[in-house]
2 protein chains.
Amino acid sequence: MTNNQTRSDQGASGEGVDPLRLDLQLCFALYGASNRVTRLYRPLLAPLGLTYPQYLVMLVLWERAPRSVGDLGQALDLDSGTLTPLLKRMETQGLVGRARDPRDERRVIVSLTEKGAALRGPAGAVPGQLVCRLGGDLGDLAALRTALQALNRRLDAADGALP
Amino acid sequence: MTNNQTRSDQGASGEGVDPLRLDLQLCFALYGASNRVTRLYRPLLAPLGLTYPQYLVMLVLWERAPRSVGDLGQALDLDSGTLTPLLKRMETQGLVGRARDPRDERRVIVSLTEKGAALRGPAGAVPGQLVCRLGGDLGDLAALRTALQALNRRLDAADGALP
DNA sequence: GCATTTTGTATTGCACACAATATAATAGCT
DNA sequence: AGCTATTATATTGTGTGCAATACAAAATGC
């Protein structure tokens, strides 16, 4: 905190917005927010034996399982190079099962074990704890979510464009 | 894209906000946005020989250099375990210099080499390219920046609280 | 029926991110 | 001075994140 406020820091609205400084501040804010959230979740997830990305995988699986690796990757916006070792660690912990789809031997189907499904209960308390720690207004967070989802749509559109 | 819209997705405002689903959606949105931004920068920074975190380090150094490792870590919200190998790679590339502070031998001072300082010119075009790719309204981005900065202040406050 | 292309995962290599620990140097206290 | 506590960085180990590549199974073309 308390840095990159050199020069005058033109306001959030109006027409005199400098794209370069805005980009710089947005990069820092987004990058920092993501790291901070991961850090804040860490102590809450450690008792469950989960890292933050593993927690996100479980959230997706709790919504619907079993699913293929590719399906998971699409939901989480991660590729197989990231998911494969992550899922193997979760398999070692007995949270998920991995097996080839007999109907298409190229696919690997990820399923919830009983232990993995049972973890949903204790994990249900985590978001509450976090929101409690954060305090403040929930409306702010809802607005932020909406803004980030809009950004993500723009980022997806920008990704497949010129390359 | 086009996922996590299960069930009805209660709106951005109003009072019937479910903290659990909000948390879930916010996590996905923030995590995904951070990854997407890194991906989008990658091809723009590759010609400069920089990764995204290295680019952030250079942004900080272009604002003010030389600085100590701890100073950099505070500005970027990263610890030495992350910065040390990152800075060593940048030193190998000839972008920065690392030297002990003669006035306090515990400190390592990171300075810009001529090559590192010269990179500021070409790098100046990067934010413009990105904003161009993103398109749309700049006001949105300014509002998002402000919202993220507010979130970061809350996250910082929540971090040092109960542990 | 066989060769080619496409599709879905896995593997490998490199670069973060951080907790835990180690190391070394300054600062404080008596 | 001598001892202890604090401070600043480095090291180590684990876990992502992604590009590039490899590989195997299915779909397609002839």
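Computed from a prediction, not measured in an experiment: that's the story for all the values here. Protein chains get the first letters and strands the later ones, always in sequence-line order, with residue 1 at the start of each. All heavy atoms count here, side chains included; hydrogens, waters and symmetry mates do not.
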Side-chain N or O of A/T51 less than 4.0 angstrom from OP1 or OP2 on D/dG15? no
Please state whether the phosphate of D/dT9, meaning OP1 or OP2, lies under 4.0 angstrom from any side-chain nitrogen or oxygen of B/S68. yes
Ignoring the backbone of A/K88, work out which of C/dT11, C/dC18, D/dT9 is nearest its side chain. C/dT11
For A/D140, is there an ion pair with B/R154 - N to carboxylate O distance below 4.0 angstrom? yes
Is there a donor and acceptor pair closer than 3.5 Å between the side chain of A/S80 and the base of C/dA10? yes
Within this structure, what is the OH-to-P distance between B/Y52 and D/dT16, rounded to whole angstrom? 22 Å
Return no unless some side-chain N or O of A/Q54 is found under 4.0 Å from OP1 or OP2 of D/dT16. yes
Nucleotide D/dG15, atom P - distance to CG of A/L87 in whole Å: 14 Å
Nearest whole angstrom, please: distance from the C1' of C/dC16 to the CZ of B/R42. 10 Å
Please state how far atom CZ in A/R100 lies from atom C1' in C/dA10, giving the value in whole angstrom units. 8 Å
Is the backbone N or O of B/G116 less than 3.5 Å from a side-chain atom of B/W62, with the two atoms forming a donor-acceptor pair by type? yes
Between CZ of B/R107 and P of D/dT6 the distance, given in whole Å, is 18 Å
Result for salt bridge (charged side-chain N to carboxylate O under 4.0 Å, His left out) between B/R39 and one of A/D156, A/D77, A/D79 points to A/D77
Which nucleotide, C/dA17, D/dG17, C/dG8, lies nearest any side-chain atom of B/Y31? D/dG17
Remember a base hit wins even if backbone is also touched, and classify A/L83 as base, sugar-phosphate or nothing at under 4.0 Å, heavy atoms. nothing
OP1 or OP2 of C/dT26 under 4.0 Å from side-chain N/O of B/R103: no
Taking only the side-chain nitrogens and oxygens of A/R39, find out if one of them lies under 4.0 Å from OP1 or OP2 of C/dA17. no
Mark yes or no for whether B/R107, through its side chain, and B/R100, through its backbone, hold a donor-acceptor pair below 3.5 Å. no
Note: for B/V69 and A/L78 on DNA chain D, the residue whose nearest nucleotide lies more 5' is B/V69
Less than 4.0 Å between a side-chain N and a carboxylate O, is that true for A/R103 and A/D101? no
Give the rounded distance in Å between these two atoms: CG of A/D79 and P of D/dT21. 15 Å
Look at the side chain of A/T82 and decide which nucleotide, out of D/dG15, C/dA25, D/dC18, has an atom nearest to it. D/dC18
For the pair made of CG in B/L72 and P in D/dA8, what is the distance, rounded to whole Å? 14 Å
If I take atom CG in residue B/L76 and atom C1' in nucleotide C/dC16, what distance separates them, rounded to the nearest angstrom? 13 Å
Does a side-chain N or O from B/R89 land closer than 4.0 Å to OP1 or OP2 of C/dC16, or not? yes
Over all strands shown, is A/G70 touching base, sugar-phosphate only, or nothing at heavy-atom distances under 4.0 angstrom? sugar-phosphate
Consider the side chain of B/E105, meaning its heavy atoms from C-beta on, and name the nucleotide among C/dA25, D/dT11, D/dA26 that approaches it most closely. C/dA25
Between C/dT7 and A/R106, counting only base atoms on the nucleotide and side-chain atoms on the residue, is there a donor-acceptor pair under 3.5 Å? yes
Kindly say whether B/G94 contributes a backbone atom to a donor-acceptor pair with the side chain of B/T113 at under 3.5 angstrom? yes
Which nucleotide in the list D/dA26, D/dC18, C/dT11 gets nearest to the side chain of A/D104? D/dA26
Would you tell me if any nitrogen or oxygen in the side chain of B/T38 comes within less than 4.0 Å of OP1 or OP2 on D/dG17? no
